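Read the structure below first, then the notes.
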Amino acid sequence: MQVPPFSLSQQIDNLGSDLEEAVLGVLRSGQYIGGPQIQGFEEAFANEVGTTHAVGCNSGTDALILALRALEIGPGDEVITCSFSFFATAEAISAVGATPVFVDVDPATYLIDLDRIEAAISSATKALLPVHLFGRPVDMGRLMAIARKHGLRVIEDCAQATGASWNGKPVGSFGDVGCFSFFPTKNLGAAGDGGAATTSDDALAKTIRELAVHGMPKRYLHTALGYNSRLDALQAAVLNVKLPKLKGWIQRRQCIAQRYRAVLENIPGLTLPNDVPGHSWNQFVVRISSDRDGLKQSLQELGVNTIIYYPIPIHRQPAYSHLALEKDSLPVTEQLCQEVLSLPIFPELIELQQQHVVTILEKILGKVHSHGNAETNVNSLAA
């Protein structure tokens, strides 16, 4: 049996006729940029997130850049975030000329360590950029209290957390702006790139919308240097079909995660991710105490395909070598990058596939444990 880390095939089969009708409707309309599909999606997504506005754009990365620009964050400013995330989190900060300041993460949650934020605040700090990584929400009550205390703006990176919530309130509705990705592997995925910025600030929404279309408040009038970053009507049509299914898909992800947690809790050498109400489980990321890379290879040989999010932290990427951070400046982040492994999870993952994942893990890690040597190469034990 082959178990993929993620698959859209069953979802496409389930939604096929609706997707075809929606996409063909756009093609026949000739309205490929803007129009009713865009307006309908933005209104529905804002309602889903609990904000007054949602502005569609080209990608989650662009949503971050547009949010930072709209908040007038730029050269000389610092934005506090975490290094254990996809590169775009920091890249967007640098793209507007500001400097990312990395804070280590909590080893239990993989999220920015709220106890370390205040020590990183300087006179140049203008904003906090928390990441709701793998679908797990940051404690936004605590984070917003820190932001208010120090007069800082907040941009939420919700790229992996569409449908997640903190204390019953959707992520993307706490900060000044929430930034979402509709990359196909996300909880709500388009048929290509796509993103959105959410806010309840009318002025911010207006600025983001203008910046996304060449800094143009009205046709052929340009008041700022903006971008060409529009969500196109074809992607909006796909998202309009999928959005009503989101809550059900999140519930399926939660059920799959609960089953993993129940059956994997006693496997030696495996640390499971913490659960919390409102977790949307875009990824189910475990920690492997020894030879993570060898385990990944052995799993693949036995039909279980996994992914490492992330093998290299942002602050160790060549693009950020100029920051010259000390080797042990973010020890938890660096340790996680050596240990994390994402197991297969998507709404259509069937119980038989999940049981295969569990059986193979038990087989490999059980053999490693029985040998009594944590340094044993798991590749030699996979057969």
Side-chain angles (χ1 to χ4, degrees), residues 1-15 48 86 108-111 131-137 158-166 168 170-171 180-189 242-267 269-288 292 295-296 298-300 302-310 336 339-366:
M1 178 184 293
Q2 289 291 322
V3 184
F6 175 83
S7 174
L8 280 170
S9 59
Q10 188 59 55
Q11 185 184 115
I12 298 302
D13 285 346
N14 294 342
L15 300 176
E48 185 75 25
F86 181 60
T109 66
Y110 311 156
L111 306 178
V131 182
H132 303 293
L133 195 67
F134 305 142
R136 192 190 197 283
C158 310
Q160 297 180 3
T162 305
S165 60
W166 179 258
V171 299
F180 293 82
S181 170
F182 304 128
F183 189 79
T185 60
K186 300 299 192 286
N187 293 343
L188 179 66
K242 290 187 173 187
L243 183 57
K245 310 291 185 183
L246 177 62
K247 284 186 171 62
W249 289 338
I250 298 298
Q251 289 171 359
R252 282 285 302 140
R253 287 177 177 275
Q254 291 168 340
C255 288
I256 292 166
Q258 289 167 8
R259 192 182 304 136
Y260 268 140
R261 287 174 50 78
V263 297
L264 294 176
E265 60 180 351
N266 295 319
I267 294 183
L270 193 68
T271 301
L272 302 182
N274 282 358
D275 197 3
V276 65
H279 198 319
S280 65
W281 294 104
N282 182 245
Q283 300 293 337
F284 190 91
V285 180
V286 300
R287 295 175 64 181
I288 309 299
R292 183 269 317 275
L295 174 62
K296 184 182 189 306
S298 295
L299 287 169
Q300 184 172 345
L302 293 170
V304 176
N305 296 278
T306 60
I307 300 178
I308 297 171
Y309 298 107
Y310 296 94
L336 286 175
E339 296 181 352
V340 291
L341 189 67
S342 180
L343 302 184
I345 187 168
F346 50 95
E348 296 77 21
L349 183 74
I350 62 174
E351 192 167 350
L352 184 63
Q353 290 174 308
Q354 191 174 10
Q355 184 56 53
H356 184 64
V357 175
V358 171
T359 299
I360 298 303
L361 275 171
E362 288 175 334
K363 176 182 179 181
I364 297 173
L365 291 178

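Everything quoted here is computed from the prediction, not taken from an experiment. Note that these values count all heavy atoms, side chains included, but never hydrogens, waters or copies made by symmetry.
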Inter- and intrachain pairs under salt bridge (Lys or Arg N to Asp or Glu O under 4.0 Å), touching residues 242-256, at least two apart: Glu48-Lys247
4.5 Å side-chain heavy-atom contact, Leu343 and Leu361: yes
Sidechain-backbone polar pair: Lys296 side chain, Thr306 backbone, donor-acceptor under 3.5 Å: yes
Flag if over 12 foreign heavy atoms under 6.0 Å of OH, Tyr310: yes
His356 NE2 to Leu352 CG distance, which is reported to the nearest 0.5 Å: 9.0 Å
Phe182: partners by ring pair (Phe, Tyr, Trp, His ring centres under 6.0 Å), with sequence neighbours left out: Phe41, Phe45
For Val276 against Trp166, the heavy-atom pair lying closest together: CG2-CZ3, 3.9 Å
Gln11 side chain to Leu8 backbone, donor-acceptor under 3.5 Å: no
Audit row: Leu302, Ile364, side-chain contact (heavy atoms from CB on, under 4.5 Å) steps and yes/no: CA-CA 10 Å; Leu302 293 170; Ile364 297 173; 4.1 Å; yes
Least distance between heavy atoms, Ile250 atom then Thr162 atom: CD1-O, 3.6 Å
Trace of the side-chain contact (heavy atoms from CB on, under 4.5 Å) decision for Leu341 with Leu299: CA-CA 11 Å; Leu341 189 67; Leu299 287 169; 3.9 Å; yes
Gap separating the CG atom of Leu349 from the SG atom of Cys255, nearest 0.5 angstrom: 12.0 Å
Shortest non-hydrogen contact from Val340 toward Ile308: O-CG2, 3.9 Å
Residue pairs fulfilling salt bridge (Lys or Arg N to Asp or Glu O under 4.0 Å) with at least one residue in residues 278-287, sequence neighbours excluded: Arg287-Glu339
Ring geometry between Phe134 and Tyr110 (parallel below 30°, tilted from 30 to 60°, perpendicular above 60°): perpendicular
Heavy-atom closest contact (Ala161 atom, Ser280 atom, distance): CA-OG, 3.8 Å
Polar side-chain atom of Asn305 near backbone of Gln300 as donor-acceptor pair, under 3.5 Å: no
Pairwise distance CE(Met1) to OG1(Thr359) - rounded to 0.5 angstrom: 9.5 Å
Got a list of side-chain donor-acceptor pairs under 3.5 Å for residues 257-267, not counting sequence neighbours?
unit_1	atom_1	unit_2	atom_2	d
Arg259	NH1	Gln354	OE1	2.5
Tyr260	OH	Pro344	O	2.7
Arg261	NH1	Pro273	O	2.5

Minimum heavy-atom distance between Leu133 and Leu111, given as atom pair plus value: N-CD2, 3.5 Å
Heavy-atom side-chain proximity of His279 to Gln254 below 4.5 angstrom: no
For Ser165, all residues meeting side-chain contact (heavy atoms from CB on, under 4.5 Å), sequence neighbours excluded: none
Euclidean distance, Leu295 CG relative to Ile288 CD1, rounded to 0.5 Å: 5.0 Å
Within-4.5 Å side-chain heavy-atom neighbours: Ile256 and Phe284: no
Distance-minimising heavy-atom pair for Asn187 and Asn282: OD1-ND2, 3.0 Å
Side chain to side chain donor-acceptor pair (under 3.5 Å) involving Gln10 - partner list, sequence neighbours excluded: Asn14
